[in-house]
Participant: 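Quick one: the structure is below, and I'll ask about it shortly.
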2 protein chains.
Amino acid sequence: MLSKKTQYAFRALTDLAENYGKGPIHICDIASRKNIPLKFLENILNELKKSDFLESKKGKGGGYVLKHSPKKINLAAVIRIINGPIALLPCVSLNFYRRCEDCNEENCGLRRVMAMTRDATLKILEKKTLQDILSGERLII
Amino acid sequence: MLSKKTQYAFRALTDLAENYGKGPIHICDIASRKNIPLKFLENILNELKKSDFLESKKGKGGGYVLKHSPKKINLAAVIRIINGPIALLPCVSLNFYRRCEDCNEENCGLRRVMAMTRDATLKILEKKTLQDILSGERLII
DNA sequence: TAATATCCTACCAAATTAGTAGAATAATGT
DNA sequence: ACATTATTCTACTAATTTGGTAGGATATTA
């Protein structure tokens, strides 16, 4: 399951997408509109900034802005930054690979199935973007 | 990611599948063959028994046996028992549904995408069985 | 230089995960 | 009946992760 932090991240990014083009958005506006603990949200937006999803400006008139169009930010990328691996086993993770103990990877049946589910999941999450989850959007399959 | 406990569960079930038809298998044989902490494995096999995957026999000649053929045990069912929900959000879980706060489900874009990924994942995990992950098996997609 | 807003370091509490200890119970063979 | 064997149950404990909080440092603008 996605952590609460990840759900907060999606809610905050959605808010920024809804206000895309309006200049920097205050973190406290996002926090109050989306009902997210302010100080926790600071951490989250900071991580997203470090990972190049956001730009920020300090001081009066400051705030956060999406660095790229909502159409360019895919959900898998956000999950990887805030939540971690998408695969169900470390040994099939593309971005967080770790070998599993006592397992001959070439010949591990569980690994083969988990690689399939990873692919099926990524096929969706890498295609869907922030734009696709805005509440007004119709979802085209 | 699947917990270590879940990976142990799969390894143990695989061992029981490999020895299917040979009568009760000692838990300490499974533990040593598959390198799983014995007392931890006790908990796991007990849960699997309570969930009707295994039968057990006490005393001399006792041990654990798969209650059904390895072909009948699908991976999603095992994950649900030992690991919990398969869906990425509680509000799209079929077996562990919980409403999420501050979210209008009818109109939540994230929810729609997460329902799609759940379906894609289940399509695989509910079809694949213990038999499919035995190391000798060829995986037919 | 005051006001504003992000940035950074360092905590803290609660929950979950991973594992252990030891006695109770049941089945079997002698 | 009784010793042996193996599962079952209750109850801990330690380590890690998750979900937050506090407070000062830094940068920007007016």
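Letters A, B, ... mirror the listed sequences (proteins, then strands); counts begin at 1. Since the model is a prediction, treat every value here as computed from it, not as a measurement. All heavy atoms count here, side chains included; hydrogens, waters and symmetry mates do not.
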Participant: Just compare dT8(D), dC8(C), dA18(C) and give me whichever is closest to any side-chain atom of Lys4(B).
Facilitator: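 Selected nucleotide: dA18(C).
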
Participant: Without swapping roles, check the side chain of Asp15(B) against the backbone of Arg11(B) for a donor-acceptor pair under 3.5 Å.
Facilitator: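 Absent.
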
Participant: Atom CG of Leu54(B) and atom CG of Leu13(B): how far apart are they, to the nearest 0.5 Å?
Facilitator: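 If we round to the nearest 0.5 Å, Leu54(B):CG and Leu13(B):CG are 6.0 Å apart.
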
Participant: Would you tell me if any nitrogen or oxygen in the side chain of Ser56(B) comes within less than 4.0 Å of OP1 or OP2 on dA6(D)?
Facilitator: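 For dA6(D), OP1/OP2 do not have a side-chain N/O of Ser56(B) under 4.0 Å.
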
Participant: Among Cys91(A), Pro90(A), Ser93(A), exactly one meets side-chain contact (heavy atoms from CB on, under 4.5 Å) together with Arg98(A). Which residue is that?
Facilitator: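 When Cys91(A), Pro90(A), Ser93(A) are each tested with Arg98(A), the side-chain contact (heavy atoms from CB on, under 4.5 Å) holds only for Pro90(A).
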
Participant: Leu2(A) CG to dT17(D) P: how many Å, rounded?
Facilitator: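 Value for this atom pair: 18 Å.
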
Participant: Which parts of nucleotides 22-30 of chain D does protein reach within less than 4.0 Å, heavy atoms only, written one letter per nucleotide 5' to 3' as B for base, S for sugar-phosphate only and - for none?
Facilitator: BB--BBBS-

Participant: Leu45(A) CG to dA5(C) C1': how many Å, rounded?
Facilitator: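 Atom-to-atom, Leu45(A) to dA5(C), this comes out as 13 Å.
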
Participant: Round to a whole Å and report the spacing from CD1 of Ile44(A) to C1' of dT18(D).
Facilitator: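 These atoms are roughly 11 Å apart.
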
Participant: Counting just side-chain N and O atoms, does Tyr8(A) come under 4.0 Å of either OP1 or OP2 of dG19(D)?
Facilitator: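 Tyr8(A) to dG19(D) OP1/OP2: no side-chain N or O under 4.0 Å.
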
Participant: May I have the distance from Met1(B) (atom CE) to dT18(D) (atom P), rounded to whole angstrom?
Facilitator: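 So the two atoms are 11 Å apart, to the nearest Å.
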
Participant: Rounded to the nearest Å, what distance is computed from the CZ atom of residue Phe40(A) to the P atom of nucleotide dC8(C)?
Facilitator: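 That distance rounds to 18 Å.
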
Participant: Run the salt-bridge test on Lys39(B) and Glu42(B) with the 4.0 Å N-O cut-off and return the result as yes or no.
Facilitator: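 Salt bridge: yes.
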
Participant: Base, sugar-phosphate alone, or nothing: which one does Ile27(B) contact when heavy atoms must sit under 4.0 Å apart?
Facilitator: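 Sugar-phosphate only.
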
Participant: Are the side chain of Asp119(A) and the backbone N or O of Met116(A) linked by a donor-acceptor pair below 3.5 Å?
Facilitator: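 Not a single qualifying donor-acceptor pair exists.
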
Participant: Side-chain N or O of Asn46(B) less than 4.0 angstrom from OP1 or OP2 on dC9(D)?
Facilitator: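 Looking at the OP1 and OP2 atoms of dC9(D), one of them is under 4.0 Å from a side-chain N or O of Asn46(B).
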
Participant: Using a strict 4.0 Å threshold on nitrogen-to-oxygen distance, state whether Glu18(A) and Lys34(A) make a salt bridge.
Facilitator: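 A salt bridge links Glu18(A) with Lys34(A).
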
Participant: Quick check on DNA chain D: between Leu38(A) and Lys49(B), whose nearest nucleotide comes earlier from the 5' end?
Facilitator: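 With Leu38(A) and Lys49(B) compared, the 5'-side residue is Lys49(B).
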
Participant: Can you check the Leu48(B) CG to dT7(D) C1' distance for me, whole Å?
Facilitator: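 After rounding, the gap between these two atoms is 14 Å.
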
Participant: For dG19(D) and Ser3(A) - does any side-chain N or O of the residue sit under 4.0 Å from the phosphate oxygens OP1/OP2?
Facilitator: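 The answer is yes; a side-chain N or O of Ser3(A) sits under 4.0 Å from OP1 or OP2.
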
Participant: How long is the line joining CD1 of Ile36(A) and P of dT18(D), in whole Å?
Facilitator: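 About 18 Å, once rounded to whole Å.
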
Participant: Looking at every non-hydrogen atom in both residues, tell me the closest pair between Ala9(B) and Ile44(B) and how far apart they are.
Facilitator: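 Looking at all heavy atoms of both residues, the closest pair is CB-CG2, 3.7 Å.
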
Participant: Atom CD of Gln7(B) and atom C1' of dG19(C): how far apart are they, to the nearest Å?
Facilitator: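 Distance, rounded to whole Å: 16 Å.
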
